[in-house]
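Letters A, B, ... are given to chains in the order of the sequence lines, protein chains preceding strands, and every chain is numbered from 1. Remember, it's a predicted structure, so these values are computed and weren't measured experimentally.
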Number of protein chains: 2
Amino acid sequence: MANIREVAKMAGVSVATVSRVLNHPEAVSDKTRKKVLDTIEEMKYTPNGIARSLALNKTSTIALLIPNILNPIYSRLAMGIEEVAHQKGYNTFLCNTEEDKEKEREYIEILLEKRVDGFILISSLLDKGDIDNFRKENIPFVIIGSDLKDLDANIVYTDYLKGAYMATQHLIEIGYKRIAHISGPFKKRDSIQKIEGFKKAMIENNLSIFEGYVIEGNNEIEGGYLGAKRLIKMKYLPEALFVANDLMAIGAMDAIKDTGLSIPKNIAVVGFDDIRMASLVEPKLTTISQPVYKMGLIGARLLIENIEDSKEDDFKQKIFLQPKLKVRKSCGHSHRIREIFN
Amino acid sequence: MANIREVAKMAGVSVATVSRVLNHPEAVSDKTRKKVLDTIEEMKYTPNGIARSLALNKTSTIALLIPNILNPIYSRLAMGIEEVAHQKGYNTFLCNTEEDKEKEREYIEILLEKRVDGFILISSLLDKGDIDNFRKENIPFVIIGSDLKDLDANIVYTDYLKGAYMATQHLIEIGYKRIAHISGPFKKRDSIQKIEGFKKAMIENNLSIFEGYVIEGNNEIEGGYLGAKRLIKMKYLPEALFVANDLMAIGAMDAIKDTGLSIPKNIAVVGFDDIRMASLVEPKLTTISQPVYKMGLIGARLLIENIEDSKEDDFKQKIFLQPKLKVRKSCGHSHRIREIFN
DNA sequence: GTGAAAGCGCTAACAA
DNA sequence: TTGTTAGCGCTTTCAC
């Protein structure tokens, strides 16, 4: 593979000139430029980006740390981020952290060595200590989907507490009282916030949460399935389920149907995320929608801005997006309303 | 950020020794090693991987070119690949090509500049010409999911033709005659092969394919929806649909239900891929299953083998995996069988 | 407008 | 076992 020296020699110019043709073409005479461009073409010269990165101290690479690329919400986020990055001239490292704090730390170590220009942490498990740790490296980063209070960093997130509150409140308004919650892993901050939102709504309405009615799941379909199975076996069958994400909600629905129960007649279900599948299962899933794709775009733009004008750094942004309730069939809304008014 | 020279100075050794401690620790005396390790720790030294890559001519980075990360089949593939890569010490660039040949070419250009150690092309649109083009660069690569005949390359793929044939044959055996096909984009090789498999089964059974019964979709849910809507409006309503992937099949099911028709009673549906959702929609989707995750693992291992012992290169492997039929409810199998035997 | 040369931070060959 | 030093391939400053 030819290098810049060989190109220079062949074109009868200096390496500096070849470099200029590539990076500041306006600083080269038309004639020379043409000659160089021709030899580049002829020799099929591909500039070595690694050498370039070393000289410039810039890799044009960002990294994306994501808990589980299989969850549509995360893959959508990844899509938005990669799209912006590509468009702005960056490549994106995909790092699947599997909801594992240790793996997340390990990845960051590696990425620091690879000198990525910045990274995006999605629904990260890291704590303030970790983050202060690599903040010293002075590398730009953006946090998406985990609300780290009192952290001076760029953060894009949804109000999970409020979303959970809205979901629960909606179930209560329809008339359900015995409501259970299938949560994501308790170690995750968004799980905690959803639990809080759930409890807040219950308490405000003077409803009690039954023993064992907050169940930990793994954020995947199977977790929802298992959680629902456990709830169904309990002494008191819940009337309604608020599930922390749609994937688990769909799993829970599967479990309910498997048991021969019907949704929402026997058990109503509300999810969170509004993934595409939510409106394709039967009954269609009522859920809390958050603007995931947009969060990806915003996060990526924020990161790249931070990378490119690190002069006026230190103005961190917290972008806070509001969730929305999407009423569909699985919560039995129309069913109950009818019951009430007839 | 400290560099190796500063560490060496601080530790009172040469840069070579520091480098050795990092790369060949056994070649350094215990005492020196400890001293160096300590100063590294103390100075919070993070070796510069870019400089390392330049010196070694190896980046420990691979790239993954994928048509659409939103399709669960591709994200599962991505997961398998990233997992193997990470485990073997490689990072993975995510490149979403959006089923766009030009974008694919552009990405490859960039990746060549970034000197990735190899790449994996998933369901690529590139033709032999393109591939011969970068084959000259002598960079290892693996093709997954597109059967490029007569191409001397590492390829992992499923027998799409056979899968499609099996799906169609199954519908025919149950008793359907007026069968339509919703295809992926015609520009894709797997689409072509599925169409061929579909036609083969029809012809072998002396069944004719009605005018307009092979419809082009976009491989996404919406494509299936639109395709089914078009078919439903036709003069003759198809009795059964073979849909080129599960995402579109689910979209098609949605369209059928929207129209007030029932599955499989009015129209039976068979998909392809066996994504997790296939068994969660109502009725559960009969489909052709392919070992996607496994393909990812195999592909990644193959690539990394190729990168690491480029000595004994030139023995390209073609790994050919067999699809399986998964009979569920959407094709009306049991329904028809009952009909026949009662 | 162009060229010479220093430097980016590392590895490994060679010498001691 | 350790140090010296020549690259790796590029960009950019400085001089002309």
- Item | Set of salt bridge (charged side-chain N to carboxylate O under 4.0 Å, His left out) partners for A:Lys318, sequence neighbours left out | none
- Message: So, using salt bridge (charged side-chain N to carboxylate O under 4.0 Å, His left out) as the criterion, who are the partners of A:Glu102 when residues are at least two apart?
- Response: A:Arg105
- Nt span of DNA chain C in reach of chain A heavy atoms at under 4.0 Å, 5' end first, is C:dG1 to C:dG9
Verify whether one side chain among [X] and [Y] offers a donor that lies under 3.5 Å from an acceptor in the other.
X	Y	value
A:Thr61	B:Lys114	yes
B:Glu83	B:Tyr293	yes
A:Arg52	A:Asn23	yes
A:Lys188	A:Ser123	yes

- Considering the terminal five base pairs at each end of the helix from C:dG1-D:dC16 to C:dA16-D:dT1, what angle separates the two local helix axes, rounded to 10°? 40°
- Query: For every nucleotide of nucleotides 8-16 of chain D, 5' to 3': is a protein heavy atom under 4.0 Å from its base (B), only from its sugar-phosphate (S), or from neither (-)?
  - Reply: BBBBBB---
- Looking at A:Asp38 and A:Lys35, does any basic side-chain N land under 4.0 Å from a carboxylate oxygen? no
- Task: Identify the heavy atoms of A:Arg115 and A:Thr59 that sit nearest to each other, and give their distance.
- Result: O-OG1, 2.8 Å
- What residues form a side chain to side chain donor-acceptor pair (under 3.5 Å) with A:Asp100, not counting sequence neighbours? none
- Donor-acceptor pair, B:Thr158 side chain versus B:Gln290 backbone, under 3.5 Å? no
